[in-house]
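To start, the structure itself, in structure tokens.
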Amino acid sequence: MKLNFSIQPAPEKTSKAMGKELHISRKQAHEIATAIKGMKLDIAQKFLENVAVLKQAVPYKRFTRNIPHRKGMCSGRYPQKAAKEFLCIIKNAQSNATYKGLDPESMRIVHVETKKGHTYMGQFPRAQGRATPKRQETVTVEMIAEVQ
């Protein structure tokens, strides 16, 4: 199945990257995407590295039920696994920019979108020979960075 980007920017000054069917939470991916949109690539990379080592929290704006407040900000959490996957996508966008001859330090994230990926079906064994369905959801993340 071929996945296309939802927008088509000017190819001479943008760099695109996509992570397909990542095994991360859809809610965490949405919150990270809203947090890093508009950041420069190097600043977003430092932010996600701090999230991965529990130094900085991701602000949660949409999915805030039973989420505690963090010091100096609104409610937030530390989604480490999702942050590591987003770091791979940012590094991919940086390498695509250098391949095109663009400067990755002067690029800003202009578009980040998360989509529902494929749902893998499995079974979880229960008592007395029964089984419960077990669904593993995936997320597709697309990112576009533009030279400023």
Side-chain angles (χ1 to χ4, degrees), residues 1-68 70 73-100 102 104 107-147:
M1 179 173 110
K2 184 178 178 187
L3 289 173
N4 294 326
F5 284 84
S6 59
I7 63 171
Q8 297 299 326
E12 60 273 357
K13 61 178 187 173
T14 59
S15 171
K16 300 189 290 188
M18 182 183 284
K20 297 180 183 179
E21 295 188 358
L22 305 174
H23 293 277
I24 57 176
S25 169
R26 290 173 56 192
K27 293 181 179 182
Q28 292 177 356
H30 172 78
E31 297 294 351
I32 290 176
T34 56
I36 67 171
K37 185 176 180 181
M39 288 185 182
K40 288 194 167 191
L41 283 179
D42 53 349
I43 294 173
Q45 186 174 7
K46 289 177 188 173
F47 171 72
L48 291 172
E49 287 171 355
N50 288 338
V51 169
V53 295
L54 304 176
K55 286 187 179 177
Q56 193 172 2
V58 175
Y60 275 41
K61 302 287 186 181
R62 184 173 178 188
F63 304 104
T64 58
R65 186 171 181 168
N66 297 328
I67 306 276
R70 298 296 173 191
M73 61 179 280
C74 60
S75 57
R77 281 196 171 156
Y78 303 93
Q80 295 173 299
K81 185 177 176 182
K84 290 175 185 175
E85 294 290 341
F86 270 84
L87 271 173
C88 294
I89 297 169
I90 286 179
K91 289 178 184 176
N92 192 356
Q94 287 175 340
S95 63
N96 289 343
T98 55
Y99 179 76
K100 283 183 157 184
L102 303 173
M107 298 192 83
R108 185 175 301 275
I109 300 171
V110 293
H111 176 76
V112 181
E113 186 174 331
T114 59
K115 300 177 184 177
K116 181 180 176 183
H118 186 258
T119 301
Y120 296 103
M121 299 297 290
Q123 290 189 349
F124 187 72
R126 302 305 292 249
Q128 300 175 357
R130 298 187 179 106
T132 302
K134 179 179 164 184
R135 296 172 185 91
Q136 179 68 35
E137 293 185 349
T138 60
V139 179
T140 299
V141 179
E142 61 183 42
M143 182 181 300
I144 298 174
E146 186 176 342
V147 174

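Given the structure is predicted, the values throughout are model-derived calculations rather than measurements.
A97 and S15 make their closest contact through N-OG, 3.4 Å (heavy atoms, listed as atom of the first residue, atom of the second, distance). Closest of all the heavy-atom pairs between K13 and M107 is O-CE, 4.3 Å. Taking all atoms of both residues into account, the shortest heavy-atom contact from A83 to V51 is CB-CG1, 3.8 Å. V58 and E31 make their closest contact through CG1-O, 3.9 Å (heavy atoms, listed as atom of the first residue, atom of the second, distance).
Put simply, the side chain of T64 never gets that close to the backbone of K61: no donor and acceptor are under 3.5 Å apart. A distance-only check finds a donor-acceptor pair linking the side chain of N96 to the backbone of K16 [under 3.5 Å]. In this structure, the side chain of K116 does not engage the main chain of R26 through any donor-acceptor pair within 3.5 Å. Looking only at distances, no side-chain donor or acceptor of T140 sits under 3.5 Å from a matching main-chain atom of K115. For the pair Q45 (side chain) and I90 (backbone), a donor-acceptor distance under 3.5 Å is absent. Side-chain N or O atoms of R108 include none that pairs as donor or acceptor with a backbone N or O of E146 at under 3.5 Å. Looking at E142, its side chain does come within 3.5 Å of a backbone N or O of S6 through a donor-acceptor pair. Counting only distance, with no hydrogens or angles, the side chain of Q80 and the backbone of A52 share a donor-acceptor pair below 3.5 Å.
The aromatic rings of H30 and F63 sit perpendicular, their planes meeting at an angle over 60°, well past the 30° parallel limit.
Screening Q28, R65, R70 against Y60 for a side chain to side chain contact (heavy atoms under 4.5 Å, CB included) leaves a single residue, Q28. No option in I43, L41, I144 other than L41 meets the side chain to side chain contact (heavy atoms under 4.5 Å, CB included) test with I109.
By the neighbour-count criterion of 12 heavy atoms within 6.0 Å, atom NZ of K27 is sparsely surrounded, having that number or fewer from other residues, nucleotides or ligands. Other residues, nucleotides and ligands contribute over 12 non-hydrogen atoms within 6.0 Å of the NZ atom of K100.
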